[in-house]
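Each remark here refers to the structure printed beneath this line.
The chains referred to below are lettered A, B, ... by the order of the sequence lines, with proteins before strands, and numbering in each begins at 1. The basis for the numbers below is simple: all heavy atoms, side chains too, and nothing from hydrogens, waters or symmetry mates.
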There are 2 protein chains.
Amino acid sequence: MEIQGLPGKLLAELGPSIASGELAEGAVLRIEELEERFGVSRTVVREAVRILESMRLVASRRRVGITVQPRRDWDVFDPLVIRWRLAGADRAAQLRSLGSLRVAVEPAAAALAAQHATADQCRELSALAVELTVTARAADLTAFLRHDIDFHATVLRASGNEMFAHLGDTVGAVLTGRTEHNLMPHQPRAYAVQLHREVAEAVCAGDAERAERAMRTIVTGALEELAAELG
Amino acid sequence: MEIQGLPGKLLAELGPSIASGELAEGAVLRIEELEERFGVSRTVVREAVRILESMRLVASRRRVGITVQPRRDWDVFDPLVIRWRLAGADRAAQLRSLGSLRVAVEPAAAALAAQHATADQCRELSALAVELTVTARAADLTAFLRHDIDFHATVLRASGNEMFAHLGDTVGAVLTGRTEHNLMPHQPRAYAVQLHREVAEAVCAGDAERAERAMRTIVTGALEELAAELG
DNA sequence: ATCTTGAATAAGTCATACCTTTGGGGCGAT
DNA sequence: ATCGCCCCAAAGGTATGACTTATTCAAGAT
């Protein structure tokens with residue numbers, strides 16, 4: 001759990017309820033009601049609500065209560081909101097949004113990585129590319145996933161752009177979700193693995209254009225598979 | 001102010017202090033100290049701190065206090081964090097990050113917009129392109145800025161991707177900051193204006209490739225100017 | 001019908017007491 | 001002198017009750 005303590009418990013309950021649409025836009029909660037429902041004090045309820053408010057999932061107004069806000073107001077970049085949506089009924093929409101985001105960001109990150117990656121990061125990318133090849137061949141999806149996440153996170157980090165770097169976890173969540181819901185081929189496609197190797201090579205060689213192209217192929221491929229899977 | 005009430009006051013003070021580096025990584029605050037400093041109750045302090053914690057600007061530990069977290073942990077996509085950084089000593093770095101993000105996202109958004117824009121959005125884009133032309137010629141920077149922000153926000157919204165759409169405000173903040181700090185030519189370049197018209201046209205014509213290319217030219221140009229300006 | 005006013009309601013704030021965790025110092029054993 | 005254990009104090013975490021303030025809604029006046 002991200003946020004600790006009792007407020008975290010409330011969040012873990014309320015956040016997903018709202019993100020999944022179970023608590024629809026306009027639904028009203030009251031502090032007192034939440035106190036009773038969770039058996040906690042006002043202090044705790046208020047802190048949890050404040051956090052939801054800062055994510056714009058809810059708005060609190062006097063004499064009215066705590067009302068669930070329309071989706072378009074939600075802070076869709078908040079890591080918790082993303083996780084909650086991925087876990088619930090909104091999963092498909094969230095995956096689509098993130099898919100497009102990846103298509104936009106990851107190729108650009110790869111290009112920057114080719115210019116800014118440190119020697120260590122190059123070594124790590126190369127090593128991860130090897131691991132991907134090995135685990136793909138062995139059809140070890142768990143290890144493959146771990147290295148795949150690591151690979152993309154490393155590229156994003158190597159871009160030298162802090163905002164790109166922060167998308168590492170989010171991309172990780174997407175990949176995890178994809179594997180968990182069997183949106184992945186039973187054995188990773190050799191072609192995709194080959195592209196990862198190419199990204200690693202190009203980044204290490206400082207070839208921004210090739211890195212970008214290879215990465216774009218990877219993420220557009222992923223997006224297409226996703227679209228096919230989700231209809 | 002985004003977050004209302006007394007906790008908002010604290011945030012408005014603490015957030016910028018941290019974002020600007022005035023309160024450096026590792027600095028320790030105590031609840032009691034903040035109570036006295038701001039003349040508010042524990043409840044209020046705690047709620048403000050909770051929010052800072054959810055942005056990962058600080059972490060709270062028993063027996064230690066509230067410690068400022070290293071930059072790399074910050075939730076750099078949080079709109080408030082972005083605004084605070086833009087307002088303070090971190091402005092240059094934040095603008096650079098956002099510049100790269102724009103280069104990645106806006107062309108992709110323009111391409112999607114060409115496929116998904118509604119008739120209304122097309123009309124709005126066209127009208128805004130006209131306004132840009134007019135206000136640029138009149139060297140009315142204020143009106144130009146307003147329409148420029150609106151233009152980019154509309155393209156992002158028209159992409160049909162909620163995450164892209166949410167970057168509208170952020171891009172607006174960047175453009176505002178650029179104008180306020182005279183990082184803009186005294187009169188908007190005719191060339192840039194022409195590119196906006198081209199984006200509008202291409203989007204309305206459903207020509208994704210041309211829309212993407214024109215938008216890419218705009219944002220890479222902005223990034224280059226920024227780099228030149230900031231060294 | 002419209003405006004005013006007042007009462008009811010729910011969030012916002014405060015003060016205080018108490019619980020829980022944890023870092024660090026002191027003490028003893030080795 | 002060093003190591004390890006234990007206990008205490010410090011600071012955040014939670015609970016509670018009283019009070020304040022804003023806001024809605026409706027009743028009554030115009």
Under the side-chain contact (heavy atoms from CB on, under 4.5 Å) test against A/Glu33, which residue among A/Glu36, A/Glu35, A/Arg37 passes?
A/Arg37
Check B/Leu11, B/Val40, B/Val45, B/Thr43 against B/Leu6 for a side-chain contact (heavy atoms from CB on, under 4.5 Å) and give me the one that passes.
B/Val40
Tell me, please, which residues at least two apart from B/Phe151 pass ring-ring contact (aromatic ring centres under 6.0 Å, His included).
B/His196
The ring-ring contact (aromatic ring centres under 6.0 Å, His included) partners of B/Phe38 (sequence neighbours excluded) come to none
Give me the bend of the helix from C/dA1-D/dT30 to C/dT30-D/dA1, using the axes of the five pairs at each end, rounded to 10°.
10°
Check this for me: does any side-chain nitrogen of one of B/Glu47 and B/Arg50 sit under 4.0 Å from a carboxylate oxygen of the other?
no
State whether the side chain of A/Trp74 and the backbone N or O of A/Gln69 hold a donor-acceptor pair below 3.5 Å, judged by distance alone.
yes
State whether the side chain of B/His147 and the backbone N or O of B/Thr135 hold a donor-acceptor pair below 3.5 Å, judged by distance alone.
no
Between which nucleotides of DNA chain D, 5' to 3', does chain A make heavy-atom contacts below 4.0 Å?
D/dT14 to D/dT24
Are A/Phe144 and A/Asp148 packed together at the side-chain level, in the sense that at least one heavy-atom pair is separated by less than 4.5 angstrom?
yes
Working for side-chain contact (heavy atoms from CB on, under 4.5 Å), residues B/Val58 and B/Ile18:
CA-CA 9 Å; B/Val58 304; B/Ile18 297 171; 3.6 Å; yes
Quick one: what's the B/S/- string for nucleotides 5-15 of chain C, heavy-atom cutoff under 4.0 Å, read 5' to 3'?
---BBSBSBB-
Side-chain donor-acceptor pairs under 3.5 Å in residues 96-110 of chain B, sequence neighbours left out?
residue, atom, partner, partner atom, Å
B/Ser97, OG, A/Glu162, OE2, 2.7
B/Ser97, OG, B/Ala93, O, 3.2
B/Arg102, NE, B/Glu106, OE2, 2.5
B/Arg102, NH2, B/Glu106, OE2, 3.0
B/Glu106, OE1, B/His152, ND1, 2.7

